[in-house]
Novice: 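This is the structure I want to talk about, given as structure tokens.
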Amino acid sequence: MRAQSSATAPSRIAVGAAGADPGGRSFGTVQAALGVVAFSLTFPATAWGLEGFGAWSLIAVRSILAAAVAGACLLAVGVPPRERSRAWGRVAPPERRHWLGLAVVGAGVVLGFPLLTTLALQTSTTAHAAVVVGLLPLTTALLSALRIGTRPSRTFWIAALAGAAAVIAFTVQQSGGALTSADAYLFAALLVCAAGYTEGGRLARVMPGWQVIGWALVLCLPVTVPMAAVALSYEPVQLTAHSVTGLLWVAIGSQFLGLVVWYRGMAAIGIPKASQLQLAQPLLTLVWSVLLLGEHLTVAAPLTAAAVLVCIAVTQRARG
């Protein structure tokens, strides 16, 4: 899903990219683009998953599957090769001072955003959700400014407010003059995910980005395992090609592998260029909603997504 903003990347990524060779930058661009494609498929895959799983079951099971993959990677990569023979199965955890930040990442990215967007998609189209969540980079930038204490330019604030106004106008127009419960879920998802991304960006300065999401996924297991047991006992499950494919994609493709290639791509090409690639994510989701789900787009959807894209591009330039 993730959607996923430049605020999640460490400052050293941009520095390291400057000295990268042209071939490495080209491969990095490919990896970052693959991450954007993975995130753009999150909402359509969630809609498929909801065809066979209840909302709570889908969220819990996807998090457990992603945590299993992340845990395996932490075990395989987290211990230096010379120590694996005598320390197999033991990975040095992050320092104690980082656990609170990882809990914020888990609450926002692993639990909050997937849960709220899944609840929204029970009554909202993926196209509508994609337009609203297109504000995520702006929301993350705003929270990051508050968290870090930076002072963006006036141009940044004007563009951010213009993008927010465009999305609010779109949601009101689409819902007939009043916000729906799905819109409330989506706006709440923006806030919790932006908080997770902001804290993840801070942590990614002291540990690799993939380990940030990996430890956050593992940290959430005491919540997601009981949640899955209860949800699966109450919500009926129907295993179909769509539901299984959707579940596997949001668990492994969106929530873990997408983040891996995204961070590797940013490490090679730097934050500014990667951020520009991410601007295409809402528009890509609109395309997938038509091709995979057969949704019919209103004229307002692509126009609003394009307007938000322009506003985000202006904020990126103002910040740079």
Side-chain angles (χ1 to χ4, degrees), residues 1-5 8 38-70 102-126 128-136 139-140 143 171 179-200 212-237 243 246-256 258-259 285:
M1 212 292 268
R2 240 184 234 216
Q4 291 48 25
S5 77
T8 54
F39 302 147
S40 72
L41 281 162
T42 299
F43 285 173
T46 299
W48 274 7
L50 287 172
E51 293 180 12
F53 293 88
W56 294 90
S57 299
L58 181 62
I59 295 305
V61 174
R62 72 176 272 185
S63 297
I64 292 172
L65 290 177
V69 175
L102 288 170
V104 174
V105 175
V109 178
V110 177
L111 296 176
F113 184 79
L115 176 60
L116 290 167
T117 53
T118 299
L119 292 174
L121 287 171
Q122 289 184 306
T123 56
S124 171
T125 65
T126 59
H128 181 93
V131 173
V132 176
V133 177
L135 276 178
L136 184 55
T139 309
T140 302
L143 289 187
T171 55
L179 296 180
T180 65
S181 59
D183 292 326
Y185 286 136
L186 292 171
F187 283 117
L190 286 174
L191 293 176
V192 298
C193 190
Y197 282 171
T198 299
E199 198 63 23
V212 173
I213 188 63
W215 282 111
L217 284 163
V218 172
L219 183 63
C220 288
L221 282 174
V223 175
T224 55
V225 170
M227 178 179 169
V230 173
L232 290 172
S233 66
Y234 283 95
E235 295 178 335
V237 174
S243 64
L247 170 64
L248 292 177
W249 184 262
V250 294
I252 301 173
S254 299
Q255 194 142 37
F256 186 71
L259 286 168
T285 299

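These numbers come from the heavy atoms of this one structure, side chains and all, not from hydrogens, waters or symmetry mates.
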Novice: Please give me the minimum heavy-atom distance between Ala55 and Leu119, naming the atom from each residue.
Specialist: CB-CD2, 3.8 Å

Novice: Is there side-chain contact between Leu217 and Val109, with heavy atoms separated by less than 4.5 Å?
Specialist: no

Novice: Counting C-beta onward and ignoring hydrogens, is there a side-chain heavy-atom pair between Thr117 and Leu186 closer than 4.5 Å?
Specialist: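 When only atoms from C-beta onward are counted, Leu186 and Thr117 do touch, with a gap below 4.5 Å.
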
Novice: To check you understand the geometry: which heavy-atom pair defines the closest contact between Ser254 and Phe39, and what is its length?
Specialist: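 Residues Ser254 and Phe39, closest heavy atoms: O-CE2, 3.6 Å.
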
Novice: Using a 4.5 Å cut-off on heavy atoms from C-beta on, say whether the side chain of Leu232 contacts that of Val61.
Specialist: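 Side chain of Val61 against side chain of Leu232, heavy atoms only: contact under 4.5 Å found.
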
Novice: Measure the shortest side-chain to side-chain distance between Gln255 and Val250 over non-hydrogen atoms and say whether it is less than 4.5 angstrom.
Specialist: no

Novice: Does Trp48 reach the side chain of Leu247, with side-chain heavy atoms less than 4.5 Å apart?
Specialist: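 Not touching, per the 4.5 Å side-chain cut-off.
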
Novice: Tell me, do Val133 and Phe43 make a side-chain contact under 4.5 Å, heavy atoms counted?
Specialist: yes

Novice: Might you point out which heavy atoms bring Pro114 and Gly108 nearest each other, and give the distance in Å?
Specialist: CD-O, 4.3 Å

Novice: Side-chain contact test, heavy atoms from C-beta onward, threshold under 4.5 Å: evaluate it for Ile59 versus Met227 and give yes or no.
Specialist: yes

Novice: With distance as the sole test, does Thr224 use its side chain to make a donor-acceptor pair with the main-chain N or O of Ala60 at under 3.5 Å?
Specialist: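 No, because the side chain of Thr224 does not come within donor-acceptor range (under 3.5 Å) of the backbone of Ala60.
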
Novice: Would you check if the side chain of Glu235 reaches a backbone N or O of Ser57 as a donor-acceptor pair within less than 3.5 Å?
Specialist: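 It does hold such a pair.
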
